[in-house]
Amino acid sequence: MSLSIETKLAILQQTEYEWSRYIRWFQANKNSSLVVKPKKWTFKLQLLRVMAPVLSLRFSLLLLEIPKKIIIWAYVLVATIKLRYLQKRGLKVIAIAGSYGKTSTKYIAHHVLSGSRKILMTPENINTPIGIARLILSKLNSSHEVFLAELGEYYPGDIAGLVHFLSPDYKILTPVGYAHMERFGSEENLKKALTELVTTEANKGKHFVYGKDYGENSVTDVQVSRAGTEFSYNERSFFIPLYGKHNAVNTLPALWLAQEFGIDLNMVAQKLSSVAFIPHRLEPTLLEHNILLLDNGYNANPASSVETLSVVKELEASQKIIFTPGYIELGDIQEHENEKLGKRIAQIADVCVVIIGVNTQAIVKGLKTGGLEEDQIILAKGEQEGMEQIKNMVKPSAIILFENSVPELYK
């Protein structure tokens, strides 16, 4: 049975239209019966659906790249002109980059600053030149005092390009880890690409860098409960509804920015106590029988998982169940890191539901090495199927963690 054009296009969309990644997937799955629907029928995807049967998918994609690059260039040019005009009138630009923690840092900073400044933030996963340019052109106006942008990276030079585009006044570099290692080839290349935030236009803008200006040792007296996290910073106590020491650390850039903007610390503490949960980043849902479901389904990596699992370990519960498909895009170290993940989970979980995919064998090996028995390991095709399998074994006051979620490309 051959794959449908809709399935091919859905996978191409998941690879972000990188032909080399798509063709590797296609060679491994061309005879499968997999059916996948695109997450969104964009204009580009609709054009490919019309063109591909006539010109071939590869040639159609190449043809579309030419107008795409022209359109992006035009959008960024016009957005740059508008942005520079607003910056001359007093607009402050904040840029955040890093392997992980940047979205949480962004949301927390936005919440703190929004109490005293009119601020526009890049929403959700908008972190590319075209996405940011569209936002500037459609939403940013002269009433805004601050523009807060998260920067995405896929290849060396991406961050540098965004820094030239945005010319930020404040630059925040969150932790650098193993995310997207497959694309960058080595940890050294990844670090070099991410630190472009502070090495590009070095004399422009103030820096706040993880490991240099702030980090785990900056917060003390950390206490995590189902209510949230209490911690101390500079001999002052704070509370956030978010879970974990890492989220306490994620508040520090917001505290730094508040100081830079001259915002009263009492107001900052009050704002931090009402920070909203961040979607798919240890986002809690309370189920029946006091069962706490933690959704950490967005882009887990080895370093961030250590923090997430430490939260689950610290929280009191009658039972701890962890769902995971493992890590992706780690290149040569992927198998090793997923085996380590299994070992870590085995030290914490009573049950682990492994979402079947490219990492299944490595995770299961780690779980067994770590001490979990066969009947404590469940294999499922997805979270929904896994929930069905465990529904009769979940105890009242249990914790269920969804650690990462991956597209069909990796299943």
Side-chain angles (χ1 to χ4, degrees), residues 93-113 121-129 131-132 147-166 168-202 205-219 242 244-257 278-282 296 298-308 327-330 337 404:
V93 177
I94 304 167
I96 301 175
S99 294
Y100 59 96
K102 55 182 180 289
T103 301
S104 298
T105 299
K106 177 184 71 173
Y107 273 87
I108 294 168
H110 176 266
H111 183 73
V112 168
L113 296 181
M121 173 183 75
T122 53
E124 299 175 346
N125 298 326
I126 293 179
N127 57 18
T128 62
I132 295 173
F147 181 50
L148 176 58
E150 178 181 340
L151 312 187
E153 81 293 331
Y154 288 103
Y155 298 101
D158 286 354
I159 297 295
L162 285 165
V163 170
H164 283 297
F165 170 24
L166 297 175
D169 301 279
Y170 302 96
K171 304 172 182 180
I172 298 167
L173 184 62
T174 67
V176 175
Y178 289 130
H180 308 308
M181 184 72 77
E182 181 182 348
R183 300 169 190 257
F184 285 90
S186 70
E187 187 176 359
E188 182 181 353
N189 290 340
L190 178 60
K191 286 181 177 179
K192 184 178 179 181
L194 286 168
T195 54
E196 288 171 355
L197 177 68
V198 293
T199 57
T200 305
E201 295 185 349
K206 297 182 178 182
H207 308 156
F208 197 62
V209 178
Y210 181 87
K212 177 177 175 290
D213 302 307
Y214 75 108
E216 288 186 359
N217 295 331
S218 303
V219 296
L242 311 179
K245 184 176 182 178
H246 65 292
N247 273 319
V249 173
N250 289 340
T251 68
L252 302 187
L255 290 169
W256 172 68
L257 288 169
I278 300 163
H280 310 301
R281 292 160 178 87
L282 277 179
N296 200 53
Y298 184 83
N299 196 27
N301 62 71
S304 66
S305 283
V306 170
E307 303 290 350
T308 303
Y327 313 123
I328 57 173
E329 294 189 1
L330 295 185
E337 288 298 330
N404 210 7

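Everything numeric in this text was worked out from a predicted model, so none of it was measured.
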**Item:** Step-by-step side chain to side chain contact (heavy atoms under 4.5 Å, CB included) determination, Ile278 to Leu242
**Value:** CA-CA 8 Å; Ile278 300 163; Leu242 311 179; 4.1 Å; yes
**Request:** Could you walk me through whether Tyr107 and Val112 pass side chain to side chain contact (heavy atoms under 4.5 Å, CB included), step by step?
**Result:** CA-CA 9 Å; Tyr107 273 87; Val112 168; over 6 Å; no
Just wondering, do [Y] and [X] contact through their side chains at under 4.5 Å, heavy atoms?
X	Y	answer
His111	Ile108	no
Glu196	Val163	no
Ile94	Leu257	yes
Lys245	Val219	yes
Thr122	Asn127	no

Roughly how far, to the nearest 0.5 Å, is the [atom2] atom of [Y] from the [atom1] atom of [X]?
X	Y	atom1	atom2	value
Lys206	Ile172	NZ	CD1	12.5 Å
Leu173	His207	CG	NE2	10.0 Å
Ser305	Asn296	OG	CG	7.0 Å
Thr200	His164	OG1	NE2	5.5 Å
Glu337	Ile328	CD	CD1	14.5 Å
Leu252	Asp213	CG	CG	11.0 Å

Work out which heavy atom in [X] is nearest to a heavy atom in [Y]; give both atom names and the distance.
X	Y	answer
Ala95	Leu197	CB-CD1, 4.1 Å
Glu124	Lys106	O-NZ, 3.5 Å
Thr174	Tyr100	OG1-O, 2.9 Å
Phe165	Pro129	CE2-O, 3.9 Å
Val249	Pro253	O-CD, 3.5 Å

**Fill in**
Those residues at least two apart in sequence (or on a different chain) that pass side chain to side chain donor-acceptor pair (under 3.5 Å) with Thr128 are none
**Message:** I'd like to check the ring-ring contact (aromatic ring centres under 6.0 Å, His included) partners of Tyr210; sequence neighbours left out, ordered by chain and number.
**Reply:** Tyr214
**Request:** Mind checking ring-ring contact (aromatic ring centres under 6.0 Å, His included) for Tyr170 and listing every partner two or more places apart, or none if nothing turns up?
**Result:** Trp256, Phe261
**Message:** With a 3.5 Å distance limit and no angle check, can you tell me whether Asn247 reaches the backbone of Asn250 through a side-chain donor-acceptor pair?
**Reply:** no
**Message:** Looking at Ala248, is its backbone amide N or carbonyl O close enough to the side chain of Thr251 to form a donor-acceptor pair, meaning the two atoms are under 3.5 Å apart?
**Reply:** yes
**Item:** Modelled atom types, side-chain donor and acceptor of Tyr298 and Asn125, under 3.5 Å
**Value:** yes
